[in-house]
Amino acid sequence: MSSSRAIVCAMAFALACLAAMPPASAASGDGGILYLPSAASIAHCPSSCGDVNISYPFGIGPDCFRQGFELTCSQTTQPPKLFIGNSTTQITDIYGVSVETPMFFNITSGSGTNNYSSISWDAPAKGITIPDYNTFFVLGCDFDAKLFDHVGNPIGSCMSRCHRELLPNQGSCNNTGCCFISLQQDISGFQATIVRADGMAARSDSMHPGIMAFMSTNYYTQNATDLFSSWTNTSKIYGAQLQVAITDQPSCKSAQMNNASYACGTNSYCTNTSSYGGYYCYCPSSYYDQGNPYLSEGCTQQDYYNPEPKEHCRRSCGNINISFPFGLEEGCFGNERFRLNCTSAGETLFSIGYAQYHVTGVSVEDGTLTVSNMLNNSSSGKEEIIAQLGQNGGMYFSGPVEDEFDFSMEYDIVIIKWAVTNSTCQQAKQNMSSFACRSVNSSCQDVTHDKIFMGYRCNCSSGYKGNPYIHDGCQDIDECSLPNSCNGICQNIPGNYKCTPCPHGKESDSTKRQCVTSTKQRNLLLGIAIGISCGIGSIIIALGTIVLANKWKRGIEKRIRRAHFKKNQGLLLEQLISDESTTNKTKIFSLDELEEATNNFDATRVLGRGGHGTVYKGILSDQRVVAIKKSKIVEQIEIDQFINEVAILSQIIHRNVVKLFGCCLEDEVPLLVYEFISNGTLYELLHTDTTVKCLLSWDDRIKIAMEAAGALAYLHSAATIPIFHRDVKSSNILLDDNFTTKVSDFGASRSLSLDETHVVTIVQGTFGYLDPEYYHTGQLTEKSDVYSFGVILVELLTRKKPIFINDLGAKQSLSHYFIEGLHEGSLVEILDSQVAEEADQEEIDEIASLTQACLRVKGGERPTMKEVEMRLQFLRTKRHKKIQQLTEKDEDIEPLLCPKDRNLYGHIELINVGSSGCYSLEQEFASSFGMPR
């Protein structure tokens, strides 16, 4: 609620004379109660509906409301809406037993008959009234409006004309674009007619969009500017105030005679309503705003004081410091009279009754509060504020306002002097647990206003200053730092100071307030000091020049690095990785750290060079061995690829995906820092020297293929955001000491939302691995990575490069070469000799079948990476089981093995013993679904 709205609601409640509710005898089975409940007995009841807080006697559900005060919470909208009973009258706020409801009517151009429109509203139940402090407003141009009560008696009329252009910043609703009719008494319904003046056509444009009528408090009579800002947004208009009262008895006297159904709790007051009969309850000034008068606990005495605030209280609002006993939060102030409110705009508000005032200063040392009138946002005189408080005093203060606060006026500022509680110092000290003066060096003082006793207040003792209301709040004043009469050495002591005369040869310096050397000795020492100072000064200047030059150079270097940081999208990258957990936080390294780690990027530290940059081996300060990739960035698109790779790697945690430690953006080209993989790339192991036997056995090749497929499957389906690698190739598959696979180089990768199946992008990738369907359509899907992975499977089978020179000396695609060999039945001839030696025919057929499926031209016919991973895992599991069975039966091994059936790693290899073990691709996929991972 805005500050202006709070004032309107406060004034409305302070002036309210609450009206009637349906009689208690009307229905006894509606779940309402006619006794005085306790807070514990209704603790289970809903306390809110949407944005509206609910307090008893209102309630939702059986035994949660006083009979006649039932509410309904509709869950059909978001946020939910609150209604009176089963009616259509919505409640947007509750003040005691007064409620606010939106009540406005839009009358568009041409509505009604012959430019005549009629609107009406009736109370949803007997006893609900619109009090006389509401006003009927009509906003628009060139109309006459008349208002009648629910039985047709005239209330008043008004008219609006727009002979000149409507100004949205005019002050009041003065019949130019707006008119109003004030209510003369409480009503339970109304009718209104709106007629276009002299048959004028309706004006409907951006400045005058038809006519809008609504019932609200009289706030807008002087604040019409807020109306004109709400032409198209009625949510900014305050709703009408409805009054409700307890009507099971016609008056307080009769209600008190029937104690079993009396609604007012302990220490609460009862007041008769002004119309329709009934009564309501409230807390008197001594119990102001404490408790609920409709619960058995009733009103709690305000004079209770809590001298121990809770920890970590907020102690500022805007530019106002708020010291205890004042506070903003529950448990942070001494008692209710010291409660302050902080608005979202940083304004501090102080409430007296239901009037709120703008706080401009708080002083616990002087015991004052400086305020200005919030009604017109300007400072007001004492008489005006007290006049406003007098309206509240009848309901909330048992005596004059001056009994509670002492108002005075100084330089057009209103000063409120306050007391802690309405007790003398002697009375307060009898209960030290609630005594307000907590500091050791504090004293208690009785406070009076004229001849009226107000209570007691605390002060710091002489020689101390601070806050006497908190432990150790009064601190010693250092009198020696202040002007005093000491002509010698001043020594500060608690609460005072001590002065010692100057010794012989010294004299007192009144400005420094200490003893100094006499004039003759001072001149001698001054000459010596000048000579020494000149020598030292020359040295300092020389050293300073060197330091400044170095600092200037470092400043230039720092600015250059900062410029590189911005050019390389460093701010964007900081945002992309800011949400990561602390344990997996991607670090942005400084260039100095990486230069030290690589010996200034020494050429001997180069691990390899690729299409996206050069990779160096480095050792960080924490002794981690890392690979540092220095990109070859010359265009913005490559910078975007670099940021893309960092953003993707920072959110991936998978044992078969290279781990990113961080990056550096302070160089002209960005650098990536990720884990060091010792065995290089799969491409190097397969193709560096094809004349010697490969270090990778058949088992190793299956394992590498399975782990790479698992990493890609994770990117496609298990990562937080699906990711397409877009550059799957053997040179991007790294192997560590144990030949564990690590997929790397995500510079060309793309992520997409969960509801996307593909993304249209510029074709990017490496020839020989590039999906032909993606190449022709530009639609990147997960099946594009499947095709590239199929090419890697062919490399593992044939140990040939994706684009190789055939026997005729021409370049040929490895995928086409493999498919042709498969169709011609010459698969064995194109296999790597080591594969043909170590693998049996069944395994070769299964891998070939899977590879053929991955290399299908149409992406929709290819398996998913998850299916590929499961198929490879099944193949590897079946091979291990077969070897294990043969190992356990030593007597059956010999007939099946040839002497050459052991590879370099000592693994026992099998030869094909028939075709009965061959599966079709469909059969093998089906069987793989049941295999555990």
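Quick note: numbers below take in every heavy atom, side chains included, and nothing from hydrogens, waters or symmetry partners. Everything numeric here is computed off the predicted structure, so don't read it as measured data.
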For H687, the option from E795, R799, K801 that meets side chain to side chain donor-acceptor pair (under 3.5 Å): E795

Any side-chain donor-acceptor pair under 3.5 Å between S788 and D785? no

Contact between N656 and T740 at the side-chain level, heavy atoms closer than 4.5 Å - yes or no? yes

Please say which of Q834, E837, E838, E843 ends up in a side chain to side chain donor-acceptor pair (under 3.5 Å) with W698. E843

If we check side chain to side chain donor-acceptor pair (under 3.5 Å) with Y769, which of these qualifies: S815, S730, S731? S730

Polar side chain donor-acceptor pair, S678 to D737, under 3.5 angstrom: yes

Considering only NZ, NE, NH1 and NH2 on the basic side and carboxylate oxygens on the acidic side, decide whether D832 and R701 come within less than 4.0 Å. yes

Determine whether L797 and V835 make a side-chain contact, defined as any pair of heavy atoms from C-beta on separated by less than 4.5 Å. yes

Is K729 salt-bridged to D727, cutoff N-O under 4.0 Å? yes

Dump the intermediate steps for side chain to side chain contact (heavy atoms under 4.5 Å, CB included) on F589 and L620, then the final yes or no. CA-CA 10 Å; F589 291 90; L620 300 179; 4.1 Å; yes

Charged tip of R862 within 45° of Y787 ring normal and under 6.0 Å: no

Parallel, tilted or perpendicular for Y714 and H654, by the 30°/60° rule? tilted

